[in-house]
Every structure is written in structure tokens, then in C-alpha cells.
There are 2 protein chains.
Amino acid sequence: MPRVKCPKCTKEHHVLKAGFIRGKQRYLCKGCDYHFTVFKEKQQDKSSRKRSRQTTIIDIANAIGIAVSTVSRALKDHPDISEQTRQSVKKVAAELNYQPNTLAQSLSKRETRTIGVIIPDIETHFFASMLTGIQNVASEAGYKVMISQSKESHETEVTNTHAFMTNWVDGLLICHSKETKSFDHIKLYMKSGIPIIHFDRVCEELENSKVLLDDVDGAFQVTEHLIAQGCKRIALISGPAHLLVCKKRLEGYQKALKRNNIPWDDQLICHSDLSIDSILQQVDGILVKAETIDAIFCISDIGAIRIIVHLKNKGIKIPEQVCVAGFGNEPMGEIIEPGLTTFNLQTYKFGETVAQLFFEQLIEGTDFIPRTKIVKGNLIIRKSSSRPID
Amino acid sequence: MPRVKCPKCTKEHHVLKAGFIRGKQRYLCKGCDYHFTVFKEKQQDKSSRKRSRQTTIIDIANAIGIAVSTVSRALKDHPDISEQTRQSVKKVAAELNYQPNTLAQSLSKRETRTIGVIIPDIETHFFASMLTGIQNVASEAGYKVMISQSKESHETEVTNTHAFMTNWVDGLLICHSKETKSFDHIKLYMKSGIPIIHFDRVCEELENSKVLLDDVDGAFQVTEHLIAQGCKRIALISGPAHLLVCKKRLEGYQKALKRNNIPWDDQLICHSDLSIDSILQQVDGILVKAETIDAIFCISDIGAIRIIVHLKNKGIKIPEQVCVAGFGNEPMGEIIEPGLTTFNLQTYKFGETVAQLFFEQLIEGTDFIPRTKIVKGNLIIRKSSSRPID
DNA sequence: TTGTACGCGTTATCAC
DNA sequence: GTGATAACGCGTACAA
């Protein structure tokens with residue numbers, strides 16, 4: 001009961017709320033049947049910048065003259081509520097253009113139905129595309145997706161992680177920045193009870209669920225294909241050595257060499273920082289160091305594409321002199337000439353898988369078992385590695 | 001005062017809250033100096049799926065033995081609080097790993113410090129890139145960004161708009177889907193008091209703030225350049241006629257023709273739906289209808305790039321037989337051969353401008369004056385339109 | 001300087 | 001079936 005005294009009979013225990021008038025609470029004294037509003041002016045102008053008042057379930061309740069709890073139940077089709085009240089509540093709700101307040105719902109239910117996604121860079125087609133997969137699965141389940149990009153900075157990754165957690169996301173899907181070597185920011189929230197899924201660039205030491213690309217097999221297939229074209233000295237342009245992805249792709253490369261009895265040469269392995277400059281620098285280096293190379297396998301399509309341009313500018317013929325292959329099937333690879341041989345990653349499906357794994361863990365509850373999924377890909381052979389049959 | 005009776009003296013008005021014991025509220029009866037907790041067991045297991053309990057300011061208050069309001073003020077460096085309490089509060093907060101609950105803050109302050117962005121497609125480089133601009137400006141101001149893509153569907157655009165509003169975003173930045181012709185979903189929220197900024201594909205009938213690309217001048221520059229190369233029959237591959245962007249670019253095209261006294265030919269104007277298939281279909285159509293064309297100006301880079309590939313497959317020489325130009329400076333245009341002449345849009349700056357306009361309106365409050373900003377671009381000339389000097 | 005009490009909008013748990 | 005009311009976590013006007 002509101003702490004309001006009736007200005008007529010001055011009694012407090014007879015006063016009832018009775019709707020809103022011009023944004024102010026209107027009261028009714030049961031004892032003397034006297035309608036009034038509170039007189040004290042709350043400064044309304046100060047909140048002019050803020051959102052104008054939305055209609056709430058309280059408004060609906062007051063309008064009809066029933067309790068808020070009834071309104072709440074009626075709106076969500078609770079079986080206890082009679083058909084009649086349900087109808088009238090919904091009618092009034094529509095009339096007043098009622099929009100439920102998600103914030104209040106989240107606070108009360110202790111869940112936001114929001115999942116946070118952290119990716120290194122949204123401008124990379126791979127991430128943009130997989131986001132679509134995530135969003136589709138999420139929105140089908142009635143979940144929203146918040147996206148943030150670390151721009152490959154460990155610091156922003158950490159900041160974003162905290163931001164998501166203070167915003168009570170119901171789950172975190174993360175692909176670490178290439179700088180990231182410490183995982184304290186993840187460990188901190190491991191016991192928060194929400195599912196944390198790593199994808200692509202994962203962390204080995206953490207016992208979380210993971211979704212991985214088919215890195216080993218992909219690199220294996222690409223290398224095998226290059227060997228099949230007659231290449232024997234295949235340079236590998238990789239990324240930072242500490243990244244698991246790089247290790248895996250190196251592993252696939254190595255596996256293919258072994259299987260085909262091609263001798264291993266340390267000189268052929270280059271570690272870039274995945275930036276274009278660094279990649280081209282490595283290429284130039286290898287052209288000097290080991291000029292007899294007959295193929296370049298770059299761990300990223302974007303790199304491979306720039307390598308093609310670079311080699312063409314140098315007058316090196318592709319694929320006659322040097323075959324080039326990438327990884328990831330970026331759309332550009334289809335446009336460039338010669339077309340880039342690459343490994344297609346099914347980005348959309350990858351995103352879907354990540355989201356699905358999240359929901360699986362959500363259903364299993366706090367005691368889910370972390371597991372790893374791998375999304376298969378397929379080799380795409382284009383001209384950059386298709387040597388004319390002798 | 002809690003509605004709890006002391007189990008000893010059975011009086012209600014002497015009971016005070018006195019800290020937490022194992023997650024339960026502990027009470028103290030002032031009258032008989034008797035400590036107790038409420039006995040009824042709340043089932044704790046049911047919420048196992050939900051987020052585990054975070055430490056709140058109440059916990060801090062109880063730990064130190066001060067009021068929550070003091071804690072609240074101490075944490076946000078309110079000048080009223082003594083240095084000593086401030087210190088101890090912050091110390092305990094750190095010890096308990098306190099994270100403020102953004103939800104509760106938002107609910108209480110009636111602002112979420114979140115801005116919603118709706119774009120047609122995140123996989124388009126233009127949008128991905130401008131998002132970075134938006135996010136940088138936003139995060140600098142302490143705002144989060146929520147992104148959703150309509151995937152060019154009017155229906156999802158409407159759904160997403162509602163979702164953002166029920167989530168109480170503090171602002172809405174929107175680029176409409178190409179399907180969108182009705183703007184009721186925007187009008188509905190025009191009086192909600194939050195700034196709504198349109199960008200790129202805007203709506204003429206709405207009196208909102210807008211950020212536009214330099215469409216007229218851009219198309220003018222491109223067309224002028226083509227004319228300078230000696231082209232006289234320039235085909236324009238445009239998008240849906242109802243889109244303002246298309247109208248504007250057509251206007252620029254027209255302006256350039258007029259200035260150079262080149263006769264207008266309706267046959268040269270094609271409206272696609274901006275999909276690749278539709279664009280190439282229009283190109284084929286025009287090659288038949290008006291085979292004498294000497295240039296193609298496609299309103300989108302992605303289209304122009306596919307046109308280049310298409311023409312090359314047909315054995316048409318670029319730029320000798322037909323010059324090609326695009327609009328937008330997508331990264332691919334630099335890679336393709338011949339390099340694509342295009343109009344650079346400064347996507348990053350564009351995003352920044354959109355976000356800045358939002359903040360300007362936020363500061364101005366409810367009675368801001370809608371205004372329009374235009375972000376300039378610049379012509380980039382590449383081989384696809386560089387005819388050898390006769 | 002610090003504490004009390006209420007509002008924010010909704011859900012859940014009682015009691016009737 | 002429906003109503004009253006306590007959470008949910010935080011901010012704050014007002015009281016002390």
C-alpha cells in the first residue's frame with residue numbers, strides 16, 4: 001500500500017492507486033471516495049534526455065483494475081488465467097502499445113537471452129560469414145547476439161570480455177586475438193556457470209568446449225594436391241608459432257610431406273605475424289634463401305592473394321613457375337587471376353556449429369562436459385595450382 | 001523494514017537485517033538482541049542452470065557493516081564519501097571480485113549505454129568497415145554497440161527494430177534493407193525520445209538525422225572521368241528505382257552527361273535488384289539492346305567486379321572496348337585485373353560520422369534538430385577505365 | 001558524512 | 001483464478 005495520506009480525511013490506510021494522469025500517480029481514498037494526485041513536483045525536466053516513459057504492466061493493471069501479477073500471467077498465457085481476463089489484458093496491452101521491458105525481465109529471471117561473441121576482426125570475411133550462422137541459430141532460439149571485435153589486440157579482448165560479463169550474457173563465444181597468450185580473463189569466468197565456447201583460435205590449456213576447423217586435414221589435402229602437381233619444394237607461409245591453428249596446419253603440411261617421402265626443409269617454413277607486409281616480407285626472404293621453391297602454401301587466403309599479386313609483379317609465372325595455394329576460400333580467390341586454390345571452410349556451418357554447441361551446453365546445465373567439434377571443409381582447386389599435364 | 005517476526009519476542013518492528021550467512025538473510029531483533037535467519041528453505045537447486053550469484057553492493061555493505069548507498073557512492077567516487085570509507089569499500093570490492101550489474105544500473109538509471117545498429121548485411125565490406133568506425137567512437141564514449149543484420153529482408157528489419165527498442169537501446173542507427181518501403185516501424189519510435197539516425201539508404205519522408213554518402217558528386221566524378229576517357233555511350237547499372245541512393249547516383253550520372261553535352265539515352269539505364277544474377281542479366285541485356293556501348297558504370301563495386309569477370313569471359317577487352325567503373329572501393333577492386341576504377345567512400349570515417357551525429361543529438365536532448373551530414377569521397381582511377389592515350 | 005527507503009519493471013511465491 | 005508482495009541489483013532524494 002502506498003505511503004500516501006488522503007488530503008481530505010488524512011488517513012493513510014484507505015488510499016488506493018487509481019491509474020495515471022499526465023504521468024502522475026493518481027490515488028483514490030476509499031474512506032471518503034476522494035480522488036487526488038501527489039502534489040510534490042518531482043523534477044521531470046532533469047530526465048528530459050532520458051527515454052520517455054513506456055507503458056508497463058502496472059499501467060495495464062491500473063487501467064483494468066486488476067493486479068500486476070494477473071497481468072503478467074495473462075500476457076504469457078499462464079493456464080491459471082481465465083480466458084476473459086486474458087483477452088481484456090491483451091486488448092488493453094495492445095491499445096496502450098505495451099512493450100515488455102527486457103531489462104526488468106532479465107533482472108528478475110536472472111538471464112538475458114543474449115550471447116556475446118568476440119572475434120578478432122569483423123572485416124575478415126570468414127568471421128563476418130560465420131556470424132551469420134551464429135545469429136541465425138541464436139535468433140531461432142529467441143536469443144540475441146552481441147558482437148565485439150578485438151582488432152587483434154589482447155587488451156581490447158580482455159576489456160570486451162569483462163563488458164560482456166557485466167552485461168550478464170548467457171554465454172560467451174570467443175576466438176582469441178593473435179596476440180593473446182594469457183587466458184586469465186577467461187579463467188576468471190569459468191566458474192560463473194555460463195557456457196564459454198572457443199572457436200578457431202582456441203586455447204589448449206583451457207578445458208572448455210571448442211569448435212575447430214579442419215586444420216590438419218585441410219592443410220594435408222592442400223599439400224597433397226600441390227605434391228600431386230609435381231611440386232617438391234613447397235614453402236609454407238604460416239602465422240605466429242604460438243597459435244594452435246598454425247601448429248595444426250603445419251602438422252597437416254608435414255604429414256603430407258612424410259606420406260610422399262618428400263624431405264623436410266626448415267628453410268621452407270616461415271612464420272609471419274599474418275599481416276600483409278610481414279607475409280610478403282617472408283615471401284621475399286624465401287625467394288632469396290631458397291630460390292628453388294616450386295610452390296607457396298599460405299595459411300591465409302588474404303595472404304595468398306597478395307602473394308599472387310606480388311609474384312605477378314615480379315614476373316613470376318603462376319602456376320608454371322610457382323604454384324600458390326591458400327586456406328579459407330575468401331571470395332576474392334575466385335576473382336583473382338589465376339584463381340586461387342584453397343581449402344573451403346564452410347564458414348556458415350561453422351558458425352551454426354558454434355552456436356549449436358552453446359545451446360547444447362545450456363540445456364545440459366552447469367555440469368556439462370566440455371567437448372570439441374570439428375567442422376569439415378573441402379579442397380577447391382583453381383588455376384593457381386593447376387599445372388598443365390605434361 | 002522486513003516483514004519478519006522475531007521468533008523469540010514475536011514482535012515485528014524490532015527486527016533489523018544483519019548480514020548474510022550462507023546466502024541467507026540474517027536478522028537481528030533489537031528488542032531481545034536475538035540473531036536468527038528465516039527458516040523456510042528456498043529451493044536453490046532449481047536455479048542451477050542460471051547464473052551463479054555474483055557479489056553485489058549489498059554483500060560489500062554487509063561485509064564492512066555500512067549501508068549500500070554508501071558503497072554505491074564510494075564506488076563511483078562521490079565527493080561526499082570520506083577518503084577512508086572509499087578506500088575500504090574499494091578494497092573489499094576488489095577482494096570479493098565485485099562486478100557492477102549493468103542491468104540493474106540500466107533499469108535504475110533508465111539508460112543502457114547501448115546503441116543499436118541495423119545494417120543490411122555484415123558480409124559486405126562497406127558495412128563491416130563502417131561498423132569499426134561506429135564502435136570506436138562508441139566505446140570511447142563508454143557505449144556498447146549491438147549489431148543486427150536484416151539480410152535485406154524488410155521483415156527481419158522490423159523484428160530487429162522492435163527487439164532493439166524492447167532492449168532499451170539509447171539510440172538507433174539504421175540503414176534500411178533494399179526491400180523496405182514502409183517506415184511504420186521507425187515512426188512508431190520517433191517519439192520515444194531516443195535519437196534515430198539513418199545512414200546510406202535513408203528515408204526521405206522521415207524527418208530524422210541522416211548521414212549520406214557523397215552519391216551525387218561521386219557518380220558525377222566517375223561519369224566525368226569516363227567521358228574524359230572518350231566514352232560517349234555509358235551504360236548505368238543501377239539498383240531498385242525506389243532507393244534514394246540509386247536516384248542520387250543517377251542524378252550525378254545525368255549531371256555529368258549534361259555538362260558534357262552527351263545525349264541522354266533511356267536504353268542505357270538499367271535497374272537491377274543489386275544481386276549478381278540480376279546485374280549480369282542487365283549487362284547481357286544491354287549488350288544486345290545497345291551494342292555500341294563503350295562503358296559500364298555499375299552502382300556497386302561487387303557488381304562491377306563480376307561484370308569485369310563476365311566481360312572477360314565473353315572476350316570483351318577492358319578498357320579497350322568497354323571501360324568499367326564501380327562505386328565503393330571494395331578491396332577486391334584493387335586485386336582484380338584490370339584494377340577497378342571506383343569511388344572511394346571512406347567507410348571508416350562514415351561510420352565515425354554516424355556515431356558522432358548520434359552523440360551530438362544525445363547531448364542536445366529530446367529537442368534536437370534533425371540534420372544531414374555528407375561524407376565526402378574521392379575518385380580512384382585504375383586500369384579498368386584507363387585508355388591508352390591515342 | 002552516512003543511512004533509510006523507495007523506484008526502476010518484471011517474475012515468482014505465497015495466500016486467499 | 002486472482003491479489004499482494006518479495007526478490008532481482010542499483011541509484012538517489014531525503015532524512016539523520
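- OP1 or OP2 of C:dT2 sits under 4.0 Å from a side-chain N or O of B:Thr85.
- For the pair B:Gln54 CD and D:dG9 P, the computed distance is 9 Å after rounding to whole Å.
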| Evaluation steps, side-chain contact (heavy atoms from CB on, under 4.5 Å), between B:Ile194 and B:Gln361 | CA-CA 9 Å; B:Ile194 64 163; B:Gln361 307 241 311; over 6 Å; no
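- Residue A:Thr56 is in sugar-phosphate contact alone, with no base atom involved, counting any heavy-atom pair closer than 4.0 Å across all strands shown.
- Checking A:Val68 against A:His78, the closest nucleotide of DNA chain D that is more toward the 5' end is the one next to A:His78.
- Taking 4.5 Å as the limit, every side-chain heavy atom of A:Glu111 sits out of range of all side-chain heavy atoms of A:Trp168.
- Donor-acceptor pairing under 3.5 Å, judged by distance alone, is present between the side chain of B:Arg73 and the base of C:dG3.
- OP1 or OP2 of C:dG9 sits under 4.0 Å from a side-chain N or O of B:Arg110.
- Under a cut-off of 6.0 angstrom, the local environment of CD in A:Glu155 is sparse, with at most 12 non-hydrogen atoms contributed by other residues, nucleotides or ligands.
- When the P atom of C:dG9 is taken as reference, atom CG of B:Asn167 falls 15 Å away, rounded to whole Å.
- Minimum atom distance to the side chain of B:Leu107 is reached by D:dG9, of the listed C:dT1, D:dG9, D:dC14.
- B:Lys109 has no side-chain polar atom (N or O) that falls below the 4.0 Å cut-off from OP1 or OP2 of D:dG9.
- Within the structure, a side-chain polar atom (N or O) of B:Lys76 is placed less than 4.0 Å from OP1 or OP2 of D:dT12.
- Nearest-nucleotide mapping onto DNA chain C: of B:Ser82 and A:Ile57, the residue sitting toward the 5' end is B:Ser82.
- Under the 6.0 Å cut-off for aromatic ring centres, B:His176 and B:His198 qualify, their centroids lying closer than that.
- Distance, A:Trp168 CH2 to D:dC8 P: 9 Å, rounded to whole Å.
- Atoms CZ (B:Arg113) and P (D:dC10) sit 17 Å apart, rounded to a whole Å.
- Between the CD1 atom in B:Ile197 and the CG atom in B:Leu173 there is a gap of 6.5 Å [rounded to 0.5 Å].
- By the neighbour-count criterion of 12 heavy atoms within 6.0 Å, atom CD of B:Glu83 is densely surrounded, having more than that number from other residues, nucleotides or ligands.
- Rounded to whole Å, the distance from CD1 on A:Ile58 to P on D:dG3 is 15 Å.
- Residues A:Val117 and A:Ile174 have side chains not in contact (no heavy-atom distance under 4.5 Å, counting atoms from C-beta outward).
- Following rounding to the nearest Å, B:Leu75 (CG) and D:dG9 (P) show an atom-to-atom distance of 16 Å.
- A close approach under 4.0 Å does not occur between any side-chain nitrogen or oxygen of B:Ser69 and OP1 or OP2 of D:dT12.
- For B:Thr70 against C:dT2, no side-chain N or O and base N or O form a donor-acceptor pair under 3.5 Å.
- The number of heavy-atom neighbours closer than 6.0 Å to NZ of B:Lys187, taken from other residues, nucleotides and ligands shown, is above 12.
- Near DNA chain D, meaning a heavy atom under 4.0 Å from it, residues 94-106 of chain B has B:Tyr98, B:Pro100, B:Asn101, B:Ala104, B:Gln105 in order of number.
- In this structure, the CG atom of B:Asp59 is 13 Å from the C1' atom of D:dC8, given to the nearest Å.
- For the residue pair B:Tyr189 and A:Gln99, a side-chain donor N or O sits within less than 3.5 Å of a side-chain acceptor on the partner.
- Using a 4.0 Å heavy-atom cutoff across all strands shown, B:Ser72 reaches at least one base atom of the nucleic acid.
- For the helix from C:dT1-D:dA16 to C:dC16-D:dG1, the axis fitted to the five pairs at one end and the axis fitted to the five pairs at the other end meet at an angle of 50° (nearest 10 degrees).
- Counting to the nearest Å, the P atom of D:dC10 and the CG atom of B:Asn62 are 13 Å from each other.
- Salt bridge present: A:Arg86 and A:Asp77 bring a charged side-chain N and a carboxylate O closer than 4.0 Å.
- Nearest to the side-chain atoms of A:Ser108 among the listed nucleotides D:dC8, C:dT4, D:dA4 stands D:dC8.
- A:Leu96 is listed as a side-chain neighbour of A:Ile60, based on a closest heavy-atom distance under 4.5 Å.
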